[in-house]
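Encoded as structure tokens, the structure appears first; notes follow it.
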2 protein chains.
Amino acid sequence: MKMPNDQLSQHTQHCDDCPIRHRAVCARCEADELEALEEVKYYRTFEAGQTVVWSGDQMDFVGSVVSGIASLTQTMEDGRTQMVGLLLPSDFVGRPGRDAAAYDVVATTELVMCCFRKKPFERMMLETPHIAQRLLEMTLDELDAAREWMLVLGRKTAREKIASLLSIIARRDATLKLAGTKGPLVFDLPLTREAMADYLGLTLETVSRQMSALKRDGVIHLEGKRHVTIPDLGRLLEEAGDDNDGGLMA
Amino acid sequence: MKMPNDQLSQHTQHCDDCPIRHRAVCARCEADELEALEEVKYYRTFEAGQTVVWSGDQMDFVGSVVSGIASLTQTMEDGRTQMVGLLLPSDFVGRPGRDAAAYDVVATTELVMCCFRKKPFERMMLETPHIAQRLLEMTLDELDAAREWMLVLGRKTAREKIASLLSIIARRDATLKLAGTKGPLVFDLPLTREAMADYLGLTLETVSRQMSALKRDGVIHLEGKRHVTIPDLGRLLEEAGDDNDGGLMA
DNA sequence: GTTCGCGCTTGATCTGGGTCAAGGATACCC
DNA sequence: GGGTATCCTTGACCCAGATCAAGCGCGAAC
């Protein structure tokens with residue numbers, strides 16, 4: 001558990017250039033509002049495996065994922081852990097109006113975050129309806145995603161759980177790349193088998209077995225342990241048990 | 001599935017008198033803002049078992065639970081169902097900016113709701129930061145509760161799940177009654193064994209068995225099937241696997 | 001009263017996924 | 001090259017909770 005590499009970025013890039021600008025909290029902001037945000041903004045980078053904050057710790061910023069993936073995790077005293085959110089680029093981290101983090105936030109891959117100092121951000125939220133409104137919208141989306149995931153955790157079989165996770169990653173990945181929706185989807189799994197298990201309420205052995213089974217049945221192709229090809233997204237969605245939409249994202 | 005008894009209430013009571021006024025969406029509203037809400041407000045009552053809206057149906061209002069309990073439920077094509085939220089008095093129903101309901105909303109007990117016509121409510125939200133801010137706060141609370149529940153669904157044993165549910169109901173019930181925190185908690189379960197199972201990702205048989213086990217072990221007392229006494233909340237929380245806080249509410 | 005129906009309990013048995021344990025495949029470092 | 005650490009796979013066995021099935025308790029309708 002090393003903690004270097006977490007210094008403020010020097011080349012304070014401007015919001016306008018930000019790749020996730022139009023999907024993040026500031027999506028609706030006017031030029032002058034962006035300018036104000038600029039004042040309290042800074043970038044931080046984390047390497048894979050680094051912890052951004054521990055549950056219960058003071059958190060003096062909020063922010064958005066710019067690139068990479070972070071996960072929110074809850075742990076019981078006896079060590080059982082459950083991932084409760086997967087934060088992809090443009091997702092928001094932190095809760096205005098609360099000082100302590102409610103979950104462990106961990107960089108699952110190399111991670112770049114755009115942070116805002118919490119106090120001034122909270123003040124801005126009261127004065128800038130655009131921010132509060134956008135944040136409400138994003139929070140409602142996350143709530144839907146969390147509820148979708150409750151169905152996965154409560155009622156789906158191991159195979160369906162894996163298929164659900166793969167389809168979420170595949171789809172989010174596809175929209176990020178703005179790739180044409182046609183043709184096989186290809187991506188690298190950003191999660192270890194253990195992280196997948198933590199997200200799905202399974203053990204890593206079961207994840208491994210079901211991945212092998214989906215591969216054997218031709219639902220996915222695997223090259224190495226992480227490189228995945230989905231020849232037929234419809235088939236995968238069927239396996240996930242929700243023929244239609246495949247779910248939102250946390 | 002009968003649908004009567006769902007007419008607009010005649011005695012349009014004023015918000016000031018509303019028992020949940022200070023905890024609901026309008027908690028922060030000034031007198032003039034309340035007055036404006038008054039214009040688009042109406043009450044609806046539902047009897048136990050009635051469906052408020054079906055998933056996918058048009059929903060032309062948003063609102064708050066005034067009394068009784070409603071549940072949000074998701075169903076898979078093959079009939080597996082998962083309750084994804086339990087709405088208690090003051091909780092908000094509906095999503096501004098979306099027309100179709102995302103879940104089945106069902107009155108679990110007799111239910112009174114304070115509804116606002118959606119279109120004007122959405123307009124007010126843009127003009128009245130107090131409403132958007134309060135709604136954001138409530139949505140963040142619900143998101144926390146949903147994530148808390150993901151841990152329950154993903155990692156807890158049947159016994160822990162039951163204990164978790166009972167402690168949530170007990171605590172929410174206690175705060176509603178403003179009862180002193182000391183002494184045994186007493187309440188009537190507002191859910192059938194089947195509804196409990198749907199919330200916990202279990203079968204009703206398992207729920208029944210674990211209720212019997214908790215009774216046998218003196219963690220709870222049962223009088224009839226629904227009347228519950230918690231002699232020692234600390235003990236119950238221990239059984240739930242979270243010694244400290246027992247969780248938030250959806 | 002009797003009968004019906006619904007919500008619940010309890011027992012017997014089955015099974016999906018957990019647990020324990022033994023390797024295999026890469027990648028990195030010396 | 002060999003050593004070793006990390007991540008993953010696969011097998012053998014077990015158990016918590018699902019499934020199948022029978023019956024109880026109690027209120028409502030007659």
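Just so we're on the same page: letters track the sequence lines, and every chain starts at 1. Everything quoted here is computed from the prediction, not taken from an experiment.
- For the pair A/E160 CD and C/dG17 C1', the interatomic distance rounds to 14 Å; values are reported in whole Å.
- At distances below 3.5 Å, at least one donor-acceptor pair connects side-chain atoms of B/R172 with backbone N or O atoms of B/P89.
- With values rounded to the nearest 0.5 angstrom, A/C114 atom SG is found 11.0 Å from A/F61 atom CZ.
- Two residues, B/G224 and A/K156, neighbour DNA chain C, and the one matched to the more 5' nucleotide by heavy-atom proximity is B/G224.
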Applying the Watson-Crick and G-U criteria (both distances under 3.5 angstrom) with [ ] for crossing and | for other-strand pairs, one obtains for DNA chain C ||||||||||||||||||||||||||||||
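- A/E205 places its CD atom 17 Å from the P atom of D/dC13, with the value rounded to the nearest Å.
- A/M211 places its CE atom 17 Å from the C1' atom of C/dG24, with the value rounded to the nearest Å.
- The side-chain heavy atoms of A/L153 and B/Q82, taken from C-beta on, include no pair separated by under 4.5 Å.
- Atom C1' of nucleotide D/dT9 and atom CZ of A/R226 are separated by 15 Å, given to the nearest angstrom.
- Checking D/dA18, C/dT9, D/dC7 against every side-chain atom of A/K225, the shortest atom distance belongs to D/dC7.
- Heavy atoms of B/R159 sit nowhere under 4.0 angstrom from any nucleic acid atom.
- When rounded to the nearest whole Å, the span between CZ of B/R209 and P of C/dG11 equals 9 Å.
- Neither OP1 nor OP2 of C/dG17 sits under 4.0 Å from any side-chain N or O of A/T203.
- Distance A/D198 CG to C/dG17 C1': 16 Å, rounded to the nearest Å.
- The two residues A/A158 and A/Q210 have their closest heavy-atom pair at CB-CG, 3.9 Å.
- Distance B/L189 CG to C/dT9 P: 10 Å, rounded to the nearest Å.
- Looking at heavy-atom distances under 4.0 Å, B/L202 makes contact with sugar-phosphate atoms alone, never a base.
- Taking the side chain as every heavy atom from C-beta outward, A/L87 and A/T108 never approach each other to under 4.5 Å.
- Of all nucleotides listed (C/dG17, D/dT9, D/dG17), C/dG17 comes nearest to the side chain of A/A158.
- Using bins of under 30°, 30° to 60° and over 60° for the plane-to-plane angle, the ring pair B/Y199/B/W149 lands in the parallel bin.
- An OP1 or OP2 oxygen of C/dT9 is reached within less than 4.0 angstrom by a side-chain nitrogen or oxygen of B/S208.
- The residue B/T192 sits close only to the backbone: its heavy atoms come under 4.0 Å of sugar-phosphate atoms, none of a base.
- With respect to the salt-bridge test (charged N to carboxylate O, under 4.0 angstrom), the residues B/E239 and B/R235 qualify.
- Rounded to whole angstrom, the span from the CD atom of A/E223 across to the C1' atom of C/dA25 amounts to 15 Å.
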